[in-house]
Amino acid sequence: LRPRRIALELSVLAKNDRLASENRKWLSEHGVKTLNIISSPGAGKTRLLERTVERLNLNDAQPARLAILTGDQEEDYDAERLRTAGAEVRQINTHSACHLDAAMIGKELSTFVRPGQHRLLIIENVGNLVCPAAFDLGESHKVALLSTTEGEDKPSKYPLLFRRASLIVLTKIDLIPHLDFSLELCTQHLRRVNPTAPILMLSAKTGEGMDAWIDFLMPQAQRERSPLPA
Ligand SMILES: Nc1nc2c(ncn2[C@@H]2O[C@H](COP(=O)(O)OP(=O)(O)O)[C@@H](O)[C@H]2O)c(=O)[nH]1
Ligand SMILES: [Mg+2]
C-alpha cells in the first residue's frame, strides 16, 4: 500500500505544479505581483490585511490596485471583514481540503483579477502550517506569518513553510509584554530553518511595524503618499 500512496501524492503535486506554472505565467504577463500568505489559524492574516487595505485606501491614489482571494474550509467571514475594510475580495471555500491549490486560484484569475488595474494579488491561504506550504499557487512570494502566542519553536517543528518563505512576519508584538515569549529564541528557531529571509515584526493592533510591511507590498506606495513637490 505504501508505495502506491507515495505515487498518488507525487502525481497530485505534479499536476498542481503544472497548473501553478500556468498561473505564474498569466500573472507575470499581466504584471500582477502575487503573495501567498500562510500561517496557522488565528495568527492574524485577516487582521493584517484589513489594516493593509485601510492604509492603502487612505493613502493611495489608486486603491483598485490590490485584489484579495481568501481561503477557508467554510464560511465567508474573512471576505466580509475585508470587504468592510474596503477590499476587493473573493472568498474561496475548500470544504474538505486543508489548503488552496493552483486549480482553485486559476479559476479565479480571469474573472476576478483585472489586468492593467490590479497590480498586487494577495492570497490568504487556509489556516494551516503544513499543507499550504507544499502547494505552489503560482505566487511571486510565500509570506509566512507567525504570531507571538504560538511559541518560539514552531519554525523548527514545521520547517517547510518557514524555509520556503521569502518574507517572515512576526505578528501580535503588542502582546509580548504579557507573554512568556523570547524574541531571541524565536529568531534562533527562524534562522535555523531560514538564514536569509527578512523578518518583519509588527502589530496590526497598534500599527507598529506596518510601514515596513507596506513598503514590501508596494515599494512605490510610500513615494506616492508623499506630497507632490510644489
Ligand atoms: N493583540 C493583537 N491581536 C491581534 C493582532 N492581529 C490579530 N489579532 C487577533 O487575533 C485573532 C485572529 O486574527 P485573524 O486575523 O482572524 O487571524 P487569521 O485566522 O490568521 O486570519 C483575532 O481576534 C484578531 O483580532 C495583533 O496584532 N495584536
Ligand atoms: Mg483569516
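Indexing begins at 1, ligand by ligand and atom by atom, following the structure's order. The figures here come from the full heavy-atom set of this structure, side chains too, leaving out hydrogens, waters and symmetry mates. Keep in mind that what you see is a predicted model, and the values were worked out from it rather than measured.
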Q: What number of protein N, O or S atoms occur at distances under 2.8 Å from the Mg ion (ligand 2)?
A: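 Total protein N/O/S atoms under 2.8 Å from the Mg ion (ligand 2): 3.
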
Q: Can you name the residues that come within less than 4.0 Å of ligand 1, going by heavy atoms only?
A: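 Those residues closer than 4.0 Å to ligand 1 by some heavy atom are Ser39, Pro41, Gly42, Ala43, Gly44, Lys45, Thr46, Arg47, Arg81, Glu124, Lys172, Asp174, Leu175, Ser203, Ala204, Lys205.
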
Q: Kindly give the heavy-atom pair with the smallest separation between Val193 and Pro155, and that separation in Å.
A: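 Between these two residues, the closest heavy atoms are CG1-O, 3.6 Å.
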
Q: Can you name the nearest heavy-atom pair linking Leu167 to Val169, along with the distance?
A: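 Scanning both residues completely, I find the closest heavy atoms to be CD2-CG2, 3.9 Å.
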
Q: For Ile68, which of Val53, Leu121, Leu120 qualifies under side chain to side chain contact (heavy atoms under 4.5 Å, CB included)?
A: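 Going through Val53, Leu121, Leu120 one by one, the side chain to side chain contact (heavy atoms under 4.5 Å, CB included) with Ile68 is satisfied by Val53 alone.
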
Q: Between Asp101 and Leu137, what is the shortest heavy-atom contact and its length?
A: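 Where Asp101 meets Leu137 most closely, the heavy atoms are C-CD2, 3.4 Å.
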
Q: Check Glu88 with Arg114, please: is the shortest side-chain N to carboxylate O separation under 4.0 Å?
A: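 Judged by the 4.0 Å cut-off on N to carboxylate O distance, Arg114 and Glu88 do form a salt bridge.
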
Q: Check Asp78 with Lys45, please: is the shortest side-chain N to carboxylate O separation under 4.0 Å?
A: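 Salt bridge flag = no for Asp78 with Lys45.
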
Q: State whether Arg55 and Asp211 are salt-bridged, where the test is any N-O pair (Lys NZ or Arg NE/NH1/NH2 against Asp/Glu carboxylate O) under 4.0 Å.
A: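 A salt bridge links Arg55 with Asp211.
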
Q: Establish, yes or no, whether the cationic atom of Lys33 lies under 6.0 Å from the six-membered ring centre of Phe216 and within 45° of the ring axis.
A: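 Yes, cation above the ring, under 6.0 Å and within 45°.
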
Q: With a 4.0 Å cut-off on N to O distance, would you call Glu22 and Lys25 a salt bridge?
A: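 Salt bridge flag = no for Lys25 with Glu22.
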
